[in-house]
Amino acid sequence: MSKISLILLVLFCIYSFSYGQSETKLQGKPLSSDDNSNSLTNAFDGDVSTEFVSSLKDGWVGLELSKPAKITKIGFAHKSSDKNDYLFGVFQGANDKTFFDAFPLYMITEESESNKVNYISISSTQTFKYLRYVGPEKKNSTISEFEIYGVEAEEDNSEKENLYQPTNIPLVIINSENSVMPQDKDKETKVNINFMVVNEGKVTTKATGTIKLRGNSSLRSEKKPYGLNFEKKTGILDMPAKAKKWVLVPNMYDKSLMRNLFGYKMSFIFGLKFTPSCRYIDLILNGNYRGNYLICDKIEVGEDRLDLAKMDETCVAEPEITGGYLLEGQGSKKKDPSLFKTSQGITLSYEYPEDITEEQKNYITNFINQVEAEVYNGNAEHVDLESFARYFLVEDFSANQDGIFNSFFIYKERGDDKVYFGPVWDFDLAFDNAQILYPTNEKKNFAFKFGLSNGTAKKLVSQLLSIDEVLKKVKDVWTEMTNTVFTKNIILKYIDEQIEYINESQKLNFMRWDVLSTRQFMEAATRGSFEAEVGYFRQFVEERFDIFGGLVSSATTESVLEETGGSWGFPWGDGKNPWNGGDRPWGGDNPWGGNGDNPWGGNGDNTWGG
């Protein structure tokens with residue numbers, strides 16, 4: 001035998017031994033979340049008439065294998081004929097006994113026959129030592145049979161392929177330490193996490209850090225918003241920033257799942273200094289499927305975000321004390337040590353610098369009061385007209401009840417004597433989704449006239465628009481944008497692409513969150529299906545294009561000062577929906593056409609930049 005033939009034979013034998021072993025049913029030590037479960041072994045006894053029943057909500061059952069194995073098949077059976085007892089149950093594999101590094105192998109998304117073992121092929125190339133089944137969230141986990149098949153192999157830490165994703169969009173996997181999470185509206189508690197992104201079957205991001213609850217009104221929902229803080233600066237899904245802090249947005253109050261994405265996209269196209277980048281993802285948290293989310297930039301000062309001059313406690317004299325500053329309008333907050341009111345009663349908070357000194361507070365407060373007084377005297381010398389015009393057009397086109405002007409951001413740069421508007425944030429109740437402004441397109445004036453107001457913020461905006469040079473800038477920017485990259489055909493095509501892109505994900509999301517016929521928080525109406533919800537959003541944008549264009553072109557420095565009598569406040573104390581009654585009848589099908597060139601990118605994969 002030649003030397004080459006001998007080498008080939010040896011390699012063949014090695015391959016056959018490592019990968020050619022036949023699939024076997026794997027055995028191991030039973031594990032569960034219950035310390036003393038009497039039914040633990042029922043999941044592995046080969047008898048579908050017996051059942052493991054966890055005594056804990058969000059409980060689990062699994063096996064510790066004697067050696068790591070590549071999993072090729074899972075079998076499972078359930079006794080219950082109620083699909084809610086097993087839909088969104090998740091099978092996980094891990095190499096850490098606490099499942100801190102767990103990956104999903106499969107999630108049950110279809111009804112199946114009870115008292116019968118169902119088999120699922122697993123294509124992941126990863127090896128695992130620990131396997132478990134986590135039942136649907138907030139249920140006592142039950143399973144009558146859990147069978148695991150595979151090939152024993154040495155633990156392999158090389159790059160893996162064919163990792164599980166529930167839909168075509170990226171999957172974010174978060175495992176918290178001991179599966180503990182902050183509860184209810186506790187925004188202070190931070191929990192250690194292991195964070196992973198799976199895209200196109202591969203891990204594209206791995207990070208460790210902390211997770212906490214965030215948000216205000218969105219915290220009332222069961223589908224929670226989260227803030228992430230990684231130990232190291234981390235890039236996610238080709239978004240421009242490499243940063244520690246990121247945000248998970250649930251879009252629970254927007255059944256089209258489109259409003260935040262479109263609002264940020266519009267801001268980016270309109271050229272604001274910084275716009276939060278975002279991507280659609282599916283989220284599995286501690287083995288629980290949480291639905292469709294957006295993962296987004298956090299609004300903060302930083303090189304890859306709002307890039308302002310850095311400040312610390314030593315910046316107490318000019319020119320250092322002149323910036324940069326980031327302030328947030330806080331129309332819904334009343335008590336907070338970071339809040340202050342302008343001379344005209346607009347509530348703002350100091351967002352940057354984070355540890356602001358008294359000297360810095362005095363400087364920026366006096367500056368804002370000076371600018372405010374000048375505007376009321378018809379002088380916009382210290383307002384950046386470009387940023388105001390673009391910010392105003394985005395917020396009022398979208399009819400964002402908060403951004404115009406209740407909750408908003410403004411900033412000031414070092415050595416620059418102007419106040420700038422932006423970044424934009426939070427569009428889930430925009431685009432005719434909020435009771436307060438609904439129906440926006442039937443109103444005969446700009447949307448901000450009818451929305452919430454942070455003190456006298458709406459009056460200040462009216463005063464700004466009544467200044468010739470300001471109104472001219474607004475008109476000029478609108479004309480520029482609608483003659484180039486913000487045409488009706490372009491924006492409708494972009495919307496259609498996103499609808500197609502998230503179609504699989506939205507189906508699972510609304511299986512998990514059965515809210516399509518239930519009003520959430522301040523929603524104006526329910527329409528019963530995703531197709532009707534996204535159709536209404538699309539129709540609103542299409543009609544808004546012409547209606548808003550007419551408002552801009554016909555506006556005069558006198559008309560913008562007219563009172564509408566349409567200002568809303570919050571007359572109720574508990575923040576719950578005060579309205580009842582039926583839904584508006586919509587009628588008719590929505591055309592899904594649209595043509596023209598699309599510079600916006602497609603399928604949510606575009607890089608947003610800036």
Side-chain angles (χ1 to χ4, degrees), residues 100-104 159-161 163-176 190-215 223-251 257-258 260-265 267-268 274-286 289-307 423-427 498 501-502 505 509 600-610:
F100 193 58
D101 63 345
F103 281 88
E159 182 176 343
K160 305 306 184 295
E161 297 181 347
L163 298 176
Y164 176 75
Q165 292 174 240
T167 73
N168 60 298
I169 72 173
L171 170 67
V172 165
I173 304 162
I174 297 176
N175 300 304
S176 69
K190 297 178 181 179
V191 175
N192 292 331
I193 60 166
N194 188 36
F195 173 94
M196 293 171 283
V197 179
V198 175
N199 191 25
E200 297 181 350
K202 296 181 180 181
V203 174
T204 59
T205 301
K206 274 189 174 183
T208 53
T210 61
I211 190 171
K212 70 172 188 174
L213 294 174
R214 61 168 304 279
K223 188 184 181 189
K224 300 296 186 186
Y226 299 104
L228 307 173
N229 191 353
F230 299 133
E231 292 177 355
K232 299 179 180 179
K233 289 186 176 182
T234 301
I236 297 175
L237 292 171
D238 298 326
M239 288 186 279
K242 198 169 184 180
K244 291 183 177 181
K245 294 182 179 180
W246 297 85
V247 174
L248 286 166
V249 178
N251 289 326
L257 306 177
M258 290 285 298
N260 274 311
L261 180 85
F262 187 83
Y264 300 144
K265 188 63 176 179
S267 168
F268 173 69
F274 166 68
T275 295
S277 298
C278 59
R279 295 288 185 273
Y280 284 118
I281 57 102
D282 294 315
L283 176 62
I284 291 181
L285 174 59
N286 290 329
Y289 170 68
R290 300 294 296 168
N292 177 288
Y293 275 72
L294 285 173
I295 188 162
C296 302
D297 280 314
K298 176 180 171 60
I299 292 182
E300 62 177 353
V301 173
E303 291 181 4
D304 291 334
R305 291 188 170 155
L306 183 60
D307 193 4
V424 300
W425 182 250
D426 198 0
F427 290 87
Q498 302 312 309
Y501 177 63
I502 64 169
S505 183
N509 181 79
W600 290 40
N603 294 337
D605 296 329
N606 49 304
T607 299
W608 294 52

Does one side chain, of Asn251 or Asn292, offer a donor that lies under 3.5 Å from an acceptor on the other? no
Whether the side chain of Lys298 engages the backbone of Lys245 through a donor-acceptor N/O pair (distance < 3.5 Å, no angle test) should be reported. no
Evaluate the side-chain proximity of Ile169 to Asp282: yes if any heavy-atom separation is below 4.5 Å, no if none is. yes
Close side-chain approach of Glu300 to Phe274, heavy-atom, < 4.5 Å: no
Closest non-hydrogen atom pair between Pro250 and Lys223, with its separation: O-NZ, 2.8 Å
Within the 4.5 Å heavy-atom criterion, are Trp425 and Val247 side-chain neighbours or not? yes
Could you tell me which non-hydrogen atom of Pro225 sits nearest to which non-hydrogen atom of Arg214, and how far apart they are? CG-O, 3.0 Å
NZ-NZ distance between Lys242 and Lys233, expressed to the nearest 0.5 angstrom: 9.5 Å
Check whether any side-chain N or O of Thr275 sits under 3.5 Å from a backbone N or O of Val424 as a donor-acceptor pair, and report yes or no. no
Check the orientation of Phe427 and Tyr264. Use parallel for under 30°, tilted for 30 to 60°, and perpendicular for over 60°. perpendicular
Would you indicate whether the side-chain heavy atoms of Asp297 and Trp246 approach each other to under 4.5 Å? yes
Would you compute the distance between atom OG of Ser277 and atom CG of Leu261 and round it to the nearest 0.5 angstrom? 10.5 Å
What are the two closest heavy atoms between Pro166 and Ile284, and how far apart are they? CG-CD1, 4.5 Å
Does Glu161 reach the main-chain N or O of Lys202 with its side chain, forming a donor-acceptor pair under 3.5 Å? no
Identified side-chain contact (heavy atoms from CB on, under 4.5 Å) counterpart of Met196 within the set Asn175, Val172, Ile174: Asn175
Can you name the nearest heavy-atom pair linking Asn286 to Ser176, along with the distance? OD1-N, 2.7 Å
Take Ile236 and Phe230 through the side-chain contact (heavy atoms from CB on, under 4.5 Å) test and state the conclusion after the steps. CA-CA 12 Å; Ile236 297 175; Phe230 299 133; 4.0 Å; yes
Gap separating the CG atom of Leu257 from the CD1 atom of Ile502, nearest 0.5 angstrom: 5.0 Å
What distance do Asn194 atom CG and Phe103 atom CZ have between them, rounded to the nearest 0.5 Å? 8.0 Å
Can you tell if the side chain of Leu171 reaches within under 4.5 Å of the side chain of Leu163, non-hydrogen atoms only? no
Between Leu294 and Tyr280, does a side-chain contact (heavy atoms from CB on, under 4.5 Å) hold up when you go through it step by step? CA-CA 5 Å; Leu294 285 173; Tyr280 284 118; 3.5 Å; yes
Might you work through the side chain to side chain donor-acceptor pair (under 3.5 Å) test for Asn229 and Thr210, ending with a clear yes or no? CA-CA 5 Å; Asn229 191 353; Thr210 61; 4.7 Å; no
Would you say Pro276 and Ile299 make side-chain contact, with heavy atoms under 4.5 Å? yes
Tyr289: what forms a ring pair (Phe, Tyr, Trp, His ring centres under 6.0 Å) with it, not counting sequence neighbours? Phe88
For Asn192 and Phe100, which heavy atoms make the closest approach, and how far apart are they? O-CE1, 3.9 Å
Distance check, rounded to the nearest 0.5 Å: Leu283 atom CG versus Lys224 atom NZ? 14.0 Å
Residues forming a side-chain hydrogen bond (donor to acceptor under 3.5 Å, both in side chains) with Glu231, sequence neighbours excluded: Thr208
Flag the pair Ile281 / Val197 as yes when at least one side-chain heavy-atom distance between them is below 4.5 Å, and no otherwise. no
Got a second to check how far Leu285's CG is from Ile211's CD1, nearest 0.5 Å? 5.5 Å
Quick one, Ile193 and Leu228 - any side-chain contact, counting heavy atoms below 4.5 Å? yes
What is the minimum heavy-atom distance between Asn199 and Pro170, and which atoms define it? OD1-CG, 3.5 Å
